Structures are given as C-alpha cells and as structure tokens.
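This report refers to the structure that appears directly beneath it.
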Amino acid sequence: MFPVVVVHGGAGQVPKERSEGSSLGVRMAARAGYAILRGGGSSMDAVVEAVSQLENDPFFNAGRGSLLNIKGEVEMDAIVMDGKTLGCGAVSAVLNIANPIRLARLVMDKTSHVCLTAEGANRFARSVGVPEVPPESLVTEYSRMCWNKEQEEKKGMGTVGAVAVDRQGNVACATSTGGVANKMEGRVGDTACIGSGGYADNQVGAVSSTGYGEAIMKVNLARLILFHMEQGQSVEAASGLGLAYMESRVGGLGGVVTVDPQGHWAARFSSLQMAWAAAQKDTLHYGMQTGEDFTHIDL
C-alpha cells in the first residue's frame, strides 16, 4: 500500500481561458495533500488541506469563487468523512465562511451531529472561533458573470473534492461546493449528503463526487460506487459503472475520484472535462480531457 491523494476540481466544461488555472489549482492541491501524507499525516488531514486550497482558489466553485444563488449571494455546502470510524461532518447553505470544509470537520470533531445548516452552522462557527469573512470577499468577477445566465452548469464550475489513503491504510473524503448558479435560497445539493457527495469506509474505499447534485442524490453515487467495489470491481471499473448508471437512469453527467485502502485510485468522469490530479510514490498524475494522464516525477 502506497499513500495517495486524488483531487478533482469539478466536472463539466472548463472554458478555455480557465483551463490552465484549473489544472494548476488541482495540481497544487494534490501536492499540498501529499506533503501531509509523506510526512506521516492522516488521510483526513490530507483531504481537508487539499480542499481548503481549492476553496481559496478563485478558479473553483467552492469558498472564494462560489457561484451565486438567485439573490446574488454565496451559499456553500461541504462534507468530510473518516473511513476508520465512519465519523462524518457536513454543513449546508453556510454563509460568509472562507473554508466550509474546515467547518465541516469541526462538526464531525466537536458535535454529536452530522450536518448543520444555514444560520445554525454559522452560529456554531462563531462558537468555535471560526471567523466570518465579508460576503463580497467570496464573490469573483467570473461568478458575477455567471449569475442569471442560462445553462450555467455548462461553464465548468463544479464541486471540488479529494480522497486519500494514509500510511495506516485509513481512507477519507472531503467535498466542497458553492452549488449551481441561480439556485433557490436554501437549495442543498449532493455535497452535504452522506453517500452522495462523498463516502469513506476503510472496509471498501472512499469517493468524492462532482456533477449536478440533483442527479447524484437520486442514485446515491458515492455509495453506489463503493457497492460495486464490495462486489469485487476495481476502483476504475466501479467508478465507471456508477457514472454510467447515473447517466442512463436519470440523465446525469458527473465525475468522481475514488481510492481503495490498498492505494489503488481512479479519476473518472462522464462530463466533457474534469480537472484532476493524484499524487503517489512521489509522482504527480494529472489531466482534464478524457484519457489524459500526464505525469511529473519528484514532487
């Protein structure tokens, strides 16, 4: 077993002028997560660090750069899950928080609940010392441009996420999103839902999902893929089967990153593109188009 972290920057169609920034962003996030694993850190620490990097990067639809709801506001969802204990934490429709993924972890670590939402999540954030940021600090020129445009999800602004396996064979997942543009106030997609936006279980593996949340929730995509792995399918085959079922059953396109406890990994998508990167054995793998797997040695 070799430790690994796999990161995705969202399934969809990445505009040409944003492709270089998106590819660089997932590679930097994978490097950050892998540095923790290489130092003997946990898979949970690795995925939270990787996703935090993406939340801070304006090229992605999470944290700073989140798409706007119908009122022109940022409402964000995030989830983490620990495969060793099945511990999990999530937040939904959270406001004015720079890194919702870190807040989701605090829900897991410091409460007896799994998911906190909206003002309750923000009140909890204040109680544990998580600073709120000005709402405008999370809004980018690009998200403003996408606001009130039709077919916004075709602009390549998808959920971000990561999965990892550490030296102890523990798996973890983390997923974060600003949702879809023009969503109704209070809309929550797949990201904050256990088994849809992510799932992690040391007995099987871990998955982080991206795509249209309503379709992902209907098939419980992350858990569906792990079910196929329980039946003996490889991470690659199981990921493909889950995505194919979602497309055939509900017409949904998307993508996933998947690992098993032995360190096998996959980055699969049925959408036109998905920026992804994986780090293992001091080698960085990355791609965006179907079939791409570029490598860089010596992280």
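Along the sequence shown, the residues carry numbers beginning at 1. Bear in mind that the values here come from a model prediction, so they are computed numbers and not experimental data.
Residue V6 comes nearest to V259 through the heavy atom pair CG2-CG1, 3.9 Å, listed as atom of the first residue, atom of the second, then distance.
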Using residues 245-253 as the side-chain source, report each donor-acceptor pair under 3.5 Å to any protein atom, sequence neighbours left out, with the distance given to one decimal.
residue, atom, partner, partner atom, Å
S248, OG, A244, O, 3.2
S248, OG, Y245, O, 3.2

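Separating the NZ atom in K218 from the CG atom in L224 is a distance of 15.5 Å, to the nearest 0.5 Å. Atom-to-atom distance recorded for T283:OG1 and H296:NE2 is 9.0 Å, nearest 0.5 angstrom. One distance of note links CG of L67 with OG of S143; it measures 6.5 Å at 0.5 Å rounding.
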Exercise. So R105 and D45, salt bridge (charged side-chain N to carboxylate O under 4.0 Å, His left out) or not? Walk me through it.
Worked result: CA-CA 10 Å; R105 183 172 186 178; D45 286 345; 2.6 Å; yes
For this session: Dump the intermediate steps for ring pair (Phe, Tyr, Trp, His ring centres under 6.0 Å) on W276 and H285, then the final yes or no.
Result: CA-CA 8 Å; W276 65 271; H285 300 256; 7.2 Å; no
For this session: Under the side chain to side chain donor-acceptor pair (under 3.5 Å) rule, what do T159 and T175 come out as? Steps first, then yes or no, please.
Result: CA-CA 7 Å; T159 299; T175 312; over 6 Å; no
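A salt bridge does not link E136 to R144: none of the charged nitrogens lies less than 4.0 Å from a carboxylate oxygen.
Residue pairs meeting the salt bridge (Lys or Arg N to Asp or Glu O under 4.0 Å) criterion with at least one member in residues 158-187, sequence neighbours excluded: K71-E185, R187-E214.
E292 contributes a side-chain N or O that, together with a main-chain N or O of Q289, makes up a donor-acceptor pair within less than 3.5 Å. Although no hydrogens or angles enter the test, the distance criterion places a donor-acceptor pair under 3.5 Å between the side chain of N202 and the main chain of V171.
With sequence neighbours excluded, the residues forming a side-chain contact (heavy atoms from CB on, under 4.5 Å) with Q233 are H228, A237, A238, L241, listed by chain and number. Evaluation of the side-chain contact (heavy atoms from CB on, under 4.5 Å) rule for A62 yields E55, V160, S176 as partners, not counting sequence neighbours. For R102, the side-chain contact (heavy atoms from CB on, under 4.5 Å) partners at least two apart in sequence or on another chain are V48, E49, S52, N99.
No option in L37, V163, V165 other than V165 meets the side chain to side chain contact (heavy atoms under 4.5 Å, CB included) test with V4.
Hydrophobic cluster of M28: the remaining members, joined at side-chain heavy-atom separations below 4.5 Å, are L24, listed by chain and number.
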